[in-house]
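For this chain, numbers begin at 1 and follow the sequence in order. Remember, it's 1-based here, ligands and their atoms both numbered in the order they're listed.
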Amino acid sequence: MIVHLNPQATAAQAEQIANQVRALYFHDGSRYVLVTGTKDNSLEGVDPALIDQHWLFDNDIQLASRSYIDHIREVRISDDLVIGGTTGHTMMITGPCSVESEEQIEVCAQLCVEQGVKMLRAGAYKPRTSPYSFQGMGLDGLKLLAKMRDKYGLKVITEVRDATHVEDVIEHTDVIQIGAKAMYDQGILRRCATAGKPVLLKRGFGSTLQEFVQAAEFLLSGGNSNVVLCERGIRTFETKTRFTLDLCGVAYLKQHTNLPVILDPSHAMGYAYGVADLARACTAMGVDGLLIESHPNPKVAKSDASQQLDHPQFRALMASLHPIAAAVGRTMI
Ligand code: PEP
Ligand code: MN
């Protein structure tokens, strides 16, 4: 159950009611919002004068649900940059899998500027499958990303791998990425709920849509309303591609949730050869954004070498996406 308290209700009253009905609560800028589990769907004993409106749910997709907010939320990155809402934009986010050196990330930043891409992505803390693989540049990588942001006027997104460096990521990035492997990490989710920065939450590759959106509920119920969902492929019986991009799941999320959805065909496919076709298919679905890995020289990339587009491939992809976005009433930015 979601309960909007009367805007006049005080913090003390919100706390008292929350204790009484066993709710989480936060202030959404206009009023206190209380959220209970489906087993606690009762307002018995609460002064009706303190309640503005309430919504009942039969499962724990609540704050993210279209029956609570009947439109896609506007996730504000800065005064002039928004994901979702009614912008009609499909936002391209690109950059390498990992920050590897200043020279490498600078060439990537320059590609963004050249192509009109507003957000640069790269990991500094990589959640690798093997402990012997490159683990990322850490804080030095974050500082390089921040340097590119300042030098080129870009926004940056980078991932938090675990709770040990969550404060550093929050400090240096514009958008916090919670990766597929970190989607279930309660420490990360709870900290990012109060970080005051937008979060891009990737779907765990073994997660159902219900589990995925419930992870988003941790962020939303902690008071962070700026959450973007990212489908990046799930594990199926298929082994010829790295994962399987769940476009049916994307259709479900667009229909049933109020969160912007972006797609990451790079990690789903695992091979550069399929990324452009998938990106075009995703764009035709009218999604709110795309995340594409690109690298000045993918052959020598320290992580995800097989799937990153080189820069000529990225330029060709961008040129092909503009008319597709236009055909579905959108603008690729
Ligand atoms: C990434 O974006 O580089 C990444 C590690 O993605 P995922 O969490 O989806 O595997
Ligand atoms: Mn990667």
Side-chain angles (χ1 to χ4, degrees), residues 91-100 104-105 108 117 119-131 133-138 141-142 144-145 155-162 165-166 169 173-185 188-189 192 198-207 209 211-212 215-216 219 227-236 241-246 249-250 253 261-272 274-275 278-279 282 287 289-310 314:
M91 188 184 295
M92 174 59 80
I93 301 168
T94 197
C97 183
S98 301
V99 190
E100 296 170 6
Q104 174 240 22
I105 199 66
C108 298
V117 171
M119 202 180 300
L120 172 67
R121 66 139 283 143
Y125 299 91
K126 297 307 299 180
R128 302 310 298 278
T129 305
S130 165
S133 309
F134 175 62
Q135 304 291 306
M137 287 182 74
L142 288 183
L144 287 175
L145 272 176
K155 299 295 169 207
V156 298
I157 174 166
T158 193
E159 70 199 277
V160 47
R161 181 184 61 209
D162 59 65
H165 53 262
V166 64
V169 171
T173 196
D174 299 299
V175 179
I176 306 159
Q177 176 173 319
I178 300 180
K181 290 172 184 154
M183 188 206 87
Y184 283 111
D185 189 313
I188 291 175
L189 291 170
C192 291
V199 174
L200 182 136
L201 179 66
K202 286 189 151 198
R203 180 180 181 182
F205 47 76
S207 311
L209 293 164
E211 290 162 343
F212 180 28
L219 297 161
V227 178
V228 178
L229 300 176
C230 178
E231 160 62 29
R232 47 77 74 213
I234 52 174
R235 181 147 282 161
T236 65
T241 59
R242 192 175 178 198
F243 295 98
T244 298
L245 191 62
D246 183 12
V250 170
L253 297 171
V261 178
I262 78 159
L263 274 109
D264 169 0
S266 300
H267 289 87
M269 184 68 203
Y271 301 99
V275 170
L278 285 167
C282 296
V287 291
L290 290 177
L291 193 157
I292 303 288
E293 281 194 343
S294 56
H295 190 287
N297 186 0
K299 283 192 203 67
V300 301
K302 293 186 173 169
S303 58
D304 285 348
S306 63
Q307 72 199 28
Q308 303 197 58
L309 301 187
D310 63 25
F314 182 80

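- Side-chain contact, Lys181 with Thr129: a donor N or O sits under 3.5 Å from an acceptor N or O.
- Protein N/O/S atoms closer than 2.8 Å to the Mn ion (ligand 2), listed by chain and residue number, are Cys97 SG, His267 NE2, Glu293 OE2, Asp304 OD2.
- Here the closest non-hydrogen pair linking Thr173 and Ile157 is OG1-CA, 3.6 Å.
- Under the 3.5 Å distance criterion, with hydrogens and angles disregarded, a donor-acceptor pair is assigned to the side chains of Asp304 and His267.
- Contact between Ile292 and Thr94 at its shortest, heavy atoms only, is O-OG1, 2.6 Å.
- Partners of Arg232 according to the salt bridge (charged side-chain N to carboxylate O under 4.0 Å, His left out) rule, which considers only residues two or more places apart in sequence or in another chain, do not exist here.
- Using a 4.5 Å heavy-atom threshold, the side chains of Lys202 and Glu159 count as separate.
- Taking every heavy atom of both residues into account, Gln308 and Ala272 meet most closely at O-CB, 3.8 Å.
- Using a 4.0 Å heavy-atom criterion, the residues that approach ligand 1 are Cys97, Arg121, Lys126, Glu159, Gln177, Gly179, Ala180, Lys202, Arg232, His267, Glu293.
- Contact detail for Cys230 and Asp264: the closest heavy-atom pair is SG-CB, 3.8 Å.
- Contacts of Glu231 classified as salt bridge (charged side-chain N to carboxylate O under 4.0 Å, His left out), with partners at least two apart in sequence or in another chain: Arg203.
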